[in-house]
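What follows is one structure encoded as structure tokens, with my remarks underneath.
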Amino acid sequence: MKATCVRDKMRVFRLMNLKHNQHAGFFMQMMNKHSKYSVPANTVANTLNAVHTANIVNTADTASPVNTANPVNTANPANTANTAKATSATNTPKVVNTPSKTASNAFSNVPRVKRFIAALCIIGVLSALSACGDNFPTAQDLRSQAQGAGLTQQDLAPHTDLSGEFSGAGASSQQAVMESWIAGFQASNTDIAIGYDPSGSGAGVNTFLMGASAWAGSDAVLSDEQLAQSSSVCAVGQAFDVPVMISPIAVIVNLPGVVGQDQHIVMDANTLANVFNGTITRWNDRRLQALNPQFNLPDLPVTVVHRSDKSGTTLNFVSYLKDAAADQWQYDLSENWPNNVGQGAKGTSGVVATVQQAAGTIGYADYSQIGKLATVALSVNSSQPPVAVSVEGATKALEDSHIDQKRSQNNRVIVQANHTTDKPGAYPIVLVSYAIACTQYSNASTTQFMRVWLDYITSERGQALASRNAGTAPLPHNLRERVAQSVQAIEAPAAPASSAVPDLPDSPNNQSASKL
């Protein structure tokens with residue numbers, strides 16, 4: 001099957017990171033010349049790390065000092081998590097064929113020995129993939145995938161006459177929702193193939209700004225510099241960012257006697273900040289024990305686990321700490337972890353896996369991906385019970401937030417989360433994750449696709465699917481209306497979407513919500 005072959009390509013090219021993007025053009029030309037199935041520049045660039053002898057170690061994962069007392073460090077589960085993350089994306093059926101704007105002679109700067117090794121790698125890849133054949137997943141294959149994902153007829157995107165291969169890259173927090181949206185879109189649009197590389201917000205934005213993906217998923221909005229840079233990849237104007245996913249950020253713990261999502265360690269904002277700034281170093285600290293009289297907290301070191309890569313999840317988490325505990329958290333806002341406390345792990349899956357594997361750990365991650373780990377319940381108002389992390393709590397916090405009017409210009413819709421809300425039941429550590437796109441692309445097919453794709457994933461239908469399958473909070477109605485205006489600003493496709501989802505051949509005509 002072609003889908004299997006393309007997944008094999010994605011495995012090969014997601015080896016490390018985007019450090020050597022300047023050489024992507026050469027590799028893309030080689031792949032497109034010698035292989036039937038084109039691969040985007042961002043995935044091609046990733047293979048360079050496997051042959052670049054100066055990049056044996058991912059420096060992002062070793063940036064923070066290792067706590068030798070921490071059992072996590074000797075086991076190094078973060079690296080295992082990275083491997084797991086690299087292979088988790090193999091569910092993506094296809095990848096996009098997006099032209100690269102990288103100079104074709106970029107590879108000439110690579111030392112001769114490295115070029116030779118890289119050429120051997122390319123030859124091996126091409127040989128391994130040459131037997132893939134021309135079989136495309138059939139409509140029935142795609143329906144089966146959608147059925148396996150628990151989708152109903154009501155979840156599917158409207159049918160269009162579009163065709164082609166398109167991809168996005170970015171926030172690992174969006175991986176689960178993307179899998180659901182891709183299944184829902186492809187089941188009713190079998191001539192379209194969509195891929196998503198959960199490489200992290202920072203890497204995804206870089207990929208988009210290279211012109212190597214149709215859109216980026218990011219837990220942080222574009223900076224002024226990135227916004228200006230986007231004019232080089234958009235055919236008209238600059239890129240815009242709109243929210244597509246709302247999810248609470250869970251503070252996860254692995255502590256003896258505190259097991260499962262129904263178990264919670266209580267912290268207020270100041271105590272939480274003191275844990276992550278390294279002031280509170282043991283679990284039986286009197287400040288923690290005072291907030292948790294129901295537990296006999298163990299005399300264990302507190303091991304902070306944070307993102308080692310550039311991450312919008314980090315930015316959203318530290319934004320909460322800065323707003324709610326300004327005296328204890330005096331670091332500047334950044335997508336990079338700001339201090340030397342604890343252990344770094346790459347991606348959402350890396351943080352979760354690291355916390356799972358060692359007692360005494362505490363970290364932060366998108367709620368939809370934390371599994372059965374215990375969490376921190378926040379004391380936001382002494383006159384109210386602590387608030388456990390939940391989708392409903394995130395929705396209540398967003399209802400008490402507002403749109404940043406200063407930055408929400410030129411189709412941008414930027415949410416300013418209220419981290420100090422004391423609305424009953426509101427959980428204030430909220431992740432608002434965005435899609436970053438152009439209103440017009442140099443490729444007309446990409447422009448047409450992005451309009452119907454963003455319209456689907458931000459629609460009531462797409463948001464309900466994400467909420468059910470990935471545990472996210474649906475966009476509030478008024479926010480969804482504002483996003484729809486931005487999506488409509490994308491140049492109208494030549495082949496507009498029909499207004500209704502057609503019945504699939506094996507679905508009863510009178511049961512729109514029946515199983516596929």
Side-chain angles (χ1 to χ4, degrees), residues 18 21-22 24 40-42 45 98-102 166-174 196-197 199-246 309-316 318-319 322 332-336 401-417 431-443 446-447 449-451 453-455 457-458 475 479 482-491:
L18 292 170
N21 285 334
Q22 66 267 29
N42 62 307
T98 304
S100 170
K101 295 189 178 182
T102 308
F166 309 94
S167 77
S172 56
S173 61
Q174 291 188 19
Y196 183 74
D197 183 2
S199 53
S201 295
V205 171
N206 288 339
T207 303
F208 171 77
L209 293 176
M210 287 171 56
S213 66
W215 83 95
S218 179
D219 299 335
V221 298
L222 293 173
S223 66
D224 291 343
E225 181 181 356
Q226 290 168 335
L227 191 63
Q229 188 180 349
S230 70
S231 60
S232 65
V233 296
C234 295
V236 174
Q238 297 176 327
F240 67 97
D241 20 33
V242 291
V244 296
M245 186 190 86
I246 295 172
D309 52 327
K310 189 176 181 180
S311 166
T313 307
T314 294
L315 178 62
N316 280 268
V318 299
S319 293
K322 193 169 185 66
D332 292 335
L333 293 179
S334 173
E335 292 176 82
N336 296 308
S401 301
H402 63 275
I403 291 175
D404 186 338
Q405 298 293 346
K406 281 188 176 181
R407 294 189 292 170
S408 294
Q409 306 294 329
N410 300 320
N411 300 313
R412 304 183 79 192
V413 181
I414 299 172
V415 177
Q416 186 68 48
L431 170 71
V432 180
S433 200
Y434 295 80
I436 296 169
C438 297
T439 54
Q440 190 175 16
Y441 296 79
S442 57
N443 185 301
T446 304
T447 303
F449 165 75
M450 285 306 300
R451 175 162 175 160
W453 169 247
L454 289 181
D455 183 66
I457 69 176
T458 59
L475 296 175
L479 182 58
R482 180 75 177 264
V483 169
Q485 294 174 9
S486 295
V487 174
Q488 289 165 11
I490 298 175
E491 184 182 82

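Sequence positions, counted from 1, serve as the residue numbers for this chain.
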Handout entry: side chain to side chain contact (heavy atoms under 4.5 Å, CB included) between Phe240 and Val413, intermediate numbers included
Key = CA-CA 8 Å; Phe240 67 97; Val413 181; over 6 Å; no
Problem - Shortest non-hydrogen contact between Gln405 and Gln409, atoms and distance - result: O-NE2, 2.9 Å
Practice task
Give a yes or no answer on whether the side chain of Thr447 reaches the backbone of Tyr441 with a donor-acceptor pair at less than 3.5 Å.
Solution key: yes
Fill in the blank from the handout: To the nearest 0.5 Å, atom CG of Leu227 lies from atom CG of Leu222 at 6.0 Å
Problem - Residue pair Gln174 / Ser433, side-chain donor-acceptor N/O under 3.5 Å - result: yes
Problem - Option passing side-chain contact (heavy atoms from CB on, under 4.5 Å) with Asn411 (candidates Val483, Thr439, Asp241) - result: Thr439
Fill in the blank from the handout: For Gly204 and Ser199, the nearest pair of non-hydrogen atoms, with its separation, is N-OG, 3.8 Å
Problem - Phe208 side, atom CZ; Ser167 side, atom OG - distance, nearest 0.5 Å - result: 11.5 Å
Exercise for the section: Report the residue from Ile436, Leu475, Val432, Ile457 that forms a side-chain contact (heavy atoms from CB on, under 4.5 Å) with Val244. Expected result: Ile457
Handout entry: Heavy-atom pair of closest approach, residues Gln226 and Val221
Key = OE1-O, 4.3 Å
Fill in the blank from the handout: dist Arg407:CZ -> Asp224:CG (nearest 0.5 Å) comes out at 8.5 Å
Problem - From CA spacing to verdict: side chain to side chain contact (heavy atoms under 4.5 Å, CB included), Leu315, Leu333 - result: CA-CA 7 Å; Leu315 178 62; Leu333 293 179; 4.0 Å; yes
Practice task
Give me the ring orientation class for Trp215 and Phe449: parallel if the planes are under 30° apart, tilted from 30 to 60°, perpendicular past 60°.
Solution key: tilted
Handout entry: For Ser334 against Asn336, the heavy-atom pair lying closest together
Key = OG-N, 2.9 Å
Problem - Nearest-0.5 Å distance, CZ of residue Arg482 to OG1 of residue Thr458 - result: 14.0 Å
Handout entry: For Ala239 against Ser230, the heavy-atom pair lying closest together
Key = N-OG, 2.9 Å
Completion exercise
Rounding to 0.5 Å, atoms OG1 (Thr446) and CZ (Phe166) come to a distance of 5.0 Å
Exercise for the section: Walk me through it: do Ile403 and Leu479 pass the test side chain to side chain contact (heavy atoms under 4.5 Å, CB included)? Expected result: CA-CA 9 Å; Ile403 291 175; Leu479 182 58; 4.0 Å; yes
Exercise for the section: Kindly compute the distance separating NZ (Lys310) from CD (Glu335), expressed to the nearest 0.5 Å. Expected result: 5.0 Å
Practice task
Answer whether the closest heavy-atom distance between the side chains of Gln229 and Gln238 falls below 4.5 Å.
Solution key: no
Handout entry: Validation row: Ile414, Lys406 side chains within 4.5 angstrom (heavy atoms)
Key = no
